[in-house]
Amino acid sequence: MNKDDVNIYMPFKAKIKEVIDTGCDVKLFRVVPEQTQIPPHPPLSKGGRGGFIDYIPGQFFMVSVWGAGEVPISVTSTKGFQKHIEFGIKKAGAVTSALHKLKKGDIIWLRGPYGNGFRADVAKKCDIVFIAGGIGIVPLRSLINFILMNRKQFRKIFLLYGSKNPVEILFEKEIKAWSGKGVEVILTVDMKDKNWKGNAGLVTEHLSKVKVDFKNAYAYICGPDVMIRNTIKELLLRGMQDRQIAVTLEARMKCGMGKCGQCYHGSEYVCTNGPVYTYEEIKKRPASVQGGKVYGL
């Protein structure tokens, strides 16, 4: 088949191998594509490496349930580390509610991967700070594992992760494993319970515990808009440059290919030019791309 004849919108089947309930409206889905269903596919985005399921951290798939609809979901697995594709899906609407009803052996449909993904190469030989809020740890998990697979190429690594309460902390076992691999972990919660002995408060209140030279470090941020806005401000005050701050810009994406116009802002489509932007790139965009008050600072 000639690559010009490929239908880039064609979904393919994937079988659910495991569903893990975290107990806080987030389920981890481990899926394996049915190879006979995967059509040939050219590279789709500036961050892609080619190949239909040759994804990188920060990219997303369009995930659909027959009869319910389709929704963009960031990948949380790491190619070469896991043998399957993983999605951490929060129950938040009609499609995600339908996904939460599925079980091992059921079929979902995927399109992608789409988007540009995170760039880790720019941070080689530098310190790295991951800053996550709530479900924002899901896409960052993919990048954390990628960097740990290439650990010798980077210097100190910090993870600052904030959650509403201790029950909603995701990937606790993995976080402990990361700590054993040289990641300095700082956890904080908004609301403590009687068993919580750790930090409390917003993530920005604990940035002083991150012992890096911010002028020569890179930050990767994902979480609620308010957290992102305040975190960027704090990083800038500590001397971090605009180009060293990367965030994921959320938008109402429908097709993932820059054709439907749902995520068109100013002069570009977030699904194809993003969803990952450095703060330097965000500042050059119109206010609509910056996210108005959120990223315009």
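A quick note: this is a predicted structure, and the numbers were derived from the prediction, not measured.
Applying the salt bridge (Lys or Arg N to Asp or Glu O under 4.0 Å) test to every pair with at least one member in residues 57-77, sequence neighbours left out, gives these pairs: E70-R111. The side chain to side chain donor-acceptor pair (under 3.5 Å) contacts involving residues 215-224 comprise D213-N216, Y218-R243, where partners must be two or more places apart or lie in separate chains. The ring pair (Phe, Tyr, Trp, His ring centres under 6.0 Å) analysis of residues 149-188, with sequence neighbours excluded, yields no pairs. Under the side chain to side chain donor-acceptor pair (under 3.5 Å) criterion, no residue pair touches residues 92-105, with sequence neighbours excluded.
Note that NZ of K91 and CG of L99 are 11.5 Å apart. Values are rounded to the nearest 0.5 Å. The structure places CD of E174 at 10.0 Å from CG of L148, a figure rounded to the nearest 0.5 Å. Here the CG atom belonging to L237 is positioned 10.5 Å from the CG atom belonging to L207, to the nearest 0.5 angstrom. Atom CZ of R119 and atom NZ of K124 lie 10.0 Å apart (nearest 0.5 Å). F118 CZ to I144 CD1: the interatomic distance, rounded to the nearest 0.5 Å, is 9.5 Å. To the nearest 0.5 Å, atom CD of residue E184 and atom CD1 of residue I157 are 10.0 Å apart.
In K15, the NZ atom is not crowded: 12 or fewer heavy atoms of neighbouring residues, nucleotides or ligands sit closer than 6.0 Å.
Each of L202 and V226 belongs to its own hydrophobic cluster when Ile, Leu, Val, Met, Phe, Trp and Tyr are linked at side-chain heavy-atom distances under 4.5 angstrom. Each of V167 and L170 belongs to its own hydrophobic cluster when Ile, Leu, Val, Met, Phe, Trp and Tyr are linked at side-chain heavy-atom distances under 4.5 angstrom. Linking Ile, Leu, Val, Met, Phe, Trp and Tyr residues whenever their side-chain heavy atoms come within less than 4.5 Å leaves M191 and I135 in two separate clusters. Under the 4.5 Å side-chain heavy-atom criterion for ILVMFWY residues, a single connected hydrophobic cluster contains both L187 and L140.
Counting all heavy atoms, side chain and backbone alike, A120 lies closest to L143 at CB-CD1, 4.1 Å. Minimum heavy-atom separation, I73 to I89: CG2-CG1, 4.0 Å. Taking all atoms of both residues into account, the shortest heavy-atom contact from E205 to G201 is OE1-CA, 3.8 Å. Annotation for P275 and G115: closest pair CD-CA, 3.8 Å, computed over non-hydrogen atoms. Across I56 and G117, no two heavy atoms sit closer than the pair CD1-CA, 4.1 Å.
Within the 4.5 Å cutoff, the side chain of K233 has no heavy atoms near those of the L236 side chain. Contact annotation: the side chain of N199 approaches that of K209 to within less than 4.5 Å [non-hydrogen atoms, C-beta and beyond]. I221 has its side chain within reach of M227: a pair of non-hydrogen atoms, C-beta onward, lies under 4.5 Å apart. With contacts defined as side-chain heavy-atom distances shorter than 4.5 Å, the pair Y55/S77 qualifies. When side chains are defined from C-beta on, K164 counts as touching D190, because their heavy atoms get closer than 4.5 Å. Taking 4.5 Å as the limit, every side-chain heavy atom of Y279 sits out of range of all side-chain heavy atoms of V247. Proximity of Y114 to Q59: side-chain heavy atoms (C-beta onward) are nowhere separated by under 4.5 Å. Taking the side chain as every heavy atom from C-beta outward, Q82 and N145 approach each other to under 4.5 Å.
One N or O on the side chain of D127 and one on the backbone of K156 form a donor-acceptor pair closer than 3.5 Å. A side-chain donor-acceptor contact under 3.5 Å links T78 to the backbone of S142. Looking only at distances, no side-chain donor or acceptor of T188 sits under 3.5 Å from a matching main-chain atom of V203. With hydrogens and angles ignored, the 3.5 Å screen pairs no side-chain donor or acceptor of E280 with any backbone N or O of D242.
Qualifying side-chain contact (heavy atoms from CB on, under 4.5 Å) partners for D193, counting only residues two or more places apart in sequence or in other chains: P166, N195, W196. Here F87 pairs with F61 under the ring pair (Phe, Tyr, Trp, His ring centres under 6.0 Å) rule; sequence neighbours left out. Taking D25 as the reference, nothing meets the side chain to side chain donor-acceptor pair (under 3.5 Å) condition, with sequence neighbours excluded. A search for side chain to side chain donor-acceptor pair (under 3.5 Å) contacts involving E86 returns R30, H84, R141, not counting sequence neighbours. For R151, there are no side chain to side chain donor-acceptor pair (under 3.5 Å) partners at least two apart in sequence or on another chain. In terms of the side chain to side chain donor-acceptor pair (under 3.5 Å) criterion, S64 has no residue partners (sequence neighbours excluded). Not a single ring pair (Phe, Tyr, Trp, His ring centres under 6.0 Å) links F29 to another residue, sequence neighbours left out.
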Item to check | Steps toward side chain to side chain contact (heavy atoms under 4.5 Å, CB included) verdict (I169, V189) | outcome: CA-CA 9 Å; I169 295 174; V189 297; 4.2 Å; yes
Item to check | V31 and I108: CA distance, side-chain angles, deciding distance, side chain to side chain contact (heavy atoms under 4.5 Å, CB included) verdict | outcome: CA-CA 9 Å; V31 307; I108 60 174; 3.8 Å; yes
Checklist entry - V210 and R238: side chain to side chain contact (heavy atoms under 4.5 Å, CB included), yes or no, with the steps? => result CA-CA 11 Å; V210 177; R238 284 168 168 76; over 6 Å; no
Next on the checklist: What verdict does the side chain to side chain contact (heavy atoms under 4.5 Å, CB included) test give for L235 and I131, after you've listed the backbone C-alpha separation in whole Å, the side-chain angles of each residue and the deciding distance to 0.1 Å?
Outcome noted: CA-CA 11 Å; L235 292 174; I131 305 172; 4.2 Å; yes
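Classification of E172 and K176 as a salt-bridged pair fails, no side-chain N sitting under 4.0 Å from a carboxylate O.
Cluster partners of M149 are F81, counting Ile, Leu, Val, Met, Phe, Trp and Tyr whose side-chain heavy atoms approach within less than 4.5 Å, directly or via other members.
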